Amino acid sequence: MGPVEHLHMSVFSQSFSPCGRFLAAGNNYGEIAVFSLSSALSPDATDLSQTPILTFTAHEGPVFSLFSTDSHLLSAGNGEISAWSWAELIKRNTKAAWTRRPNYKSSLEIPEINAMTVNPTENSLVIGGGDNNIHIMDLESGVFKSVLQGHTDYIHCLSVREREGEILSGGEDGAVRIWDHRTGQSVHCIEVYKYEECARPQYGKWISCLTTESDWMLCGGGPSLSLWHLRSMSPTSIFPLSGCQRQANFYQDMILSVGEGQCVSHCLLGGEVKAQIPCTPHSLNTLALNLNSTDNRVLTVGGSSHQIDVFTNLSYRTFSLSF
Amino acid sequence: MGAVTDDEVIRKRLLIDGDGAGDDRRINVLLKSFTKWCNSTGSPEEGFTQYQRMLGTLAQCEFSMGKTLLVYDMNLREMENYEKIYTDIEQNITSAHDKISECKKEIQRAKRIRKNRQEYDALAKVIQQHPDRHETLKQLEALDKELQQLSHIKENVEDKLELRKKQFHVLLSTIQELQQTLESNVTSEAPPHHNTSSSMLYGGKYTCGDHPPV
């Protein structure tokens with residue numbers, strides 16, 4: 001990994017281990033690096049503790065999505081999903097537990113997988129990618145149960161509402177579709193760019209970030225980041241952030257959002273931007289909050305740089321992990 | 001056993017010697033002068049002065065002993081004082097810890113409340129954009145009334161239309177019948193009995209006199 005490759009590296013995805021002591025990050029070269037958070041955050045941390053304890057090539061294509069279940073790390077790249085046992089990764093054993101590929105219609109080109117999430121009630125993995133469809137795979141048996149069709153362009157992001165049993169997906173065609181996971185039918189379709197207050201035609205109509213919490217949904221991308229009330233299907237607040245947001249999270253009473261722009265934006269639910277914290281990468285792709293552990297409760301962001309910024313206190317960047 | 005106590009003795013003596021270098025020497029000098037004074041062969045004045053000198057050194061020794069006792073007392077009391085302060089500070093630390101955890105819980109609660117309030121505000125903003133329910137109900141009522149009135153009017157107009165249609169139908173049919181009878185009259189030259197029968201049809205509105213047979 002020469003210096004030129006370091007310069008051109010982008011971090012696309014992150015995931016914390018179930019114990020909360022390790023962070024896995026995936027980059028555009030198909031590599032996954034595992035960092036030990038407990039040693040990087042300990043009082044006697046050195047420069048070495050800010051480098052990965054393990055780096056390995058997981059896929060041939062970029063790793064766009066990572067997800068951790070209770071025991072495994074699932075990584076998506078080059079149209080396939082691999083599972084790695086966390087216990088094995090900590091012991092530096094890089095053998096995949098399993099690798100599966102959804103049934104794509106065309107065998108000529110392999111669509112990439114952009115987003116993965118788990119539906120805990122059904123114990124199924126929901127995958128969305130370049131073939132405009134959402135595939136649902138049962139985690140225990142590995143069988144691909146169903147395909148949700150409806151999007152007319154590739155899917156950027158997914159979210160699951162457990163209580164109502166719904167899957168939400170946002171795509172390049174500008175539509176946020178709400179699917180019922182049992183029937184596999186699209187219950188609602190919100191075309192965000194058609195709402196005047198959200199639309200930003202100069203950026204496009206694609207939706208690249210989607211997250212839900214009880215009755216509220218955040219979505220953004222081409223149109224401005226907006227907070228929607230799902231029961232009434234109406235936008236309640238629009239956030240005046242320049243640049244397209246790529247990932248947003250609800251945290252306590254705030255909204256954290258990253259995207260184009262060298263900062264993490266803290267916004268209030270009312271629509272005002274409370275703070276913008278600067279960070280190293282020039283454009284951010286992923287934001288992850290470690291809520292699994294009480295000791296290493298950090299926020300990490302990664303983007304178009306080989307460095308991943310770690311925030312122990314949300315107000316400022318503490319240090320950076322380096323790929 | 002003997003070596004330990006010797007070490008102790010040596011250590012103690014070195015300590016004591018370090019403190020009052022004169023004391024030990026003073027006691028030795030006192031003993032020597034005492035033995036010399038007991039075995040003295042000089043004059044009684046010399047003996048008396050020596051005796052006075054010995055009393056003086058004895059007083060000095062007593063004085064330094066008293067001083068060290070007082071210092072020892074003071075040290076004990078200082079130690080107690082420090083112990084008290086130490087326990088006080090420990091208590092303060094624990095109470096501060098408790099307060100901090102209480103405050104953290106408070107802040108979590110306050111954040112939740114703030115979040116709920118903001119959600120409420122956001123929804124309220126959307127709701128405000130929609131018109132008031134009472135007004136819309138009133139508008140609906142007014143529209144209902146208008147609708148009823150208009151349907152009334154429509155019914156009336158339709159009834160009138162029906163009536164007129166029927167009247168015109170009757171008129172046209174009687175005209176046709178009259179035509180037929182006139183034609184049959186022309187062909188058969190029968191007496192105009194039909195006129196009376198046809199006049200009974202429309203209730204005497206048109207008398208035979210008005211329509212003389214052609």
Side-chain angles (χ1 to χ4, degrees), chain A residues 161 163 188 190 192 194-198 211-220 224-241 248-257 265-275 289 291 293-295 297 299 312-315, chain B residues 79 81-148 150:
Chain A
R161 284 175 87 197
R163 232 176 21 168
H188 284 111
I190 306 172
V192 182
K194 288 204 175 143
Y195 288 80
E196 262 185 53
E197 57 265 25
C198 312
T211 179
T212 50
E213 186 184 55
S214 66
D215 281 336
W216 300 87
M217 170 182 89
L218 268 178
C219 66
S224 321
L225 183 68
S226 44
L227 180 70
W228 290 68
H229 187 236
L230 282 173
R231 289 252 192 99
S232 55
M233 294 288 164
S234 56
T236 56
S237 328
I238 317 289
F239 299 96
L241 295 166
N249 265 44
F250 287 97
Y251 180 63
Q252 293 178 345
D253 61 334
M254 283 197 304
I255 289 165
L256 306 168
S257 145
S265 310
H266 295 202
C267 313
L268 292 175
L269 288 172
E272 47 188 274
V273 179
K274 199 170 80 159
L289 272 164
L291 300 167
S293 120
T294 46
D295 305 326
R297 192 171 276 255
L299 167 77
T312 46
N313 176 339
L314 290 182
S315 313
Chain B
M79 280 292 290
N81 195 18
Y82 284 147
E83 285 286 333
K84 195 161 67 79
I85 293 177
Y86 182 72
T87 45
D88 268 347
I89 289 178
E90 267 199 357
Q91 269 179 358
N92 282 351
I93 286 176
T94 43
S95 67
H97 269 300
D98 287 337
K99 254 186 248 169
I100 284 176
S101 50
E102 262 301 310
C103 285
K104 276 197 183 152
K105 271 190 232 146
E106 273 290 319
I107 217 181
Q108 289 299 328
R109 229 178 297 155
K111 277 194 179 160
R112 232 179 312 139
I113 289 173
R114 194 200 327 186
K115 181 172 187 194
N116 287 339
R117 225 177 263 160
Q118 284 183 329
E119 284 178 7
Y120 169 83
D121 279 339
L123 271 176
K125 233 195 313 174
V126 176
I127 289 171
Q128 285 289 79
Q129 289 172 351
H130 291 279
D132 198 6
R133 200 193 324 171
H134 289 291
E135 278 185 30
T136 5
L137 276 175
K138 270 193 224 153
Q139 279 179 357
L140 278 170
E141 265 177 57
L143 283 170
D144 259 336
K145 266 199 213 138
E146 248 191 82
L147 222 97
Q148 272 183 1
L150 288 170

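Note that the structure is a prediction, hence the values are computed from the model and not measured. To find a chain, count down the sequence lines: A is the first, B the second, and so on, and within it residues start at 1. Just so it is clear, the values below take in all heavy atoms, side chains as well, and ignore hydrogens, waters and symmetry mates.
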Using 0.5 Å steps for rounding, measure from the [atom1] atom of [X] to the [atom2] atom of [Y].
X	Y	atom1	atom2	answer
A:L230	A:D215	CG	CG	7.0 Å
A:F250	A:T211	CZ	OG1	6.0 Å
A:L256	A:L218	CG	CG	10.0 Å
A:S214	A:R231	OG	CZ	9.0 Å

Please classify the contact between A:E272 and chain B as side chain, backbone, both or neither, with a heavy-atom cut-off of under 4.5 Å. neither
Give me the atom names and distance for the closest heavy-atom approach of A:Y251 to A:L291. CE1-CD2, 4.0 Å
Step by step, work out the side-chain hydrogen bond (donor to acceptor under 3.5 Å, both in side chains) result for A:S315 and A:N313. CA-CA 5 Å; A:S315 313; A:N313 176 339; 3.2 Å; yes
Which of residues 107-116 of chain B have a heavy atom under 4.5 Å from any heavy atom of chain A? B:Q108, B:K111, B:R114, B:K115
Expected contact set for residues 117-125 of chain B against chain A at heavy-atom separation under 4.5 Å reads B:Q118, B:E119, B:A122, B:L123, B:K125
Indicate the ring-plane relationship of A:Y195 and A:W228, choosing parallel, tilted or perpendicular according to the 30° and 60° boundaries. perpendicular
Is the backbone of [Y] close enough, under 3.5 Å, to the side chain of [X] for a donor and an acceptor to pair up by distance?
X	Y	answer
A:S237	A:L269	yes
A:R161	A:E213	no
A:S224	A:G220	no

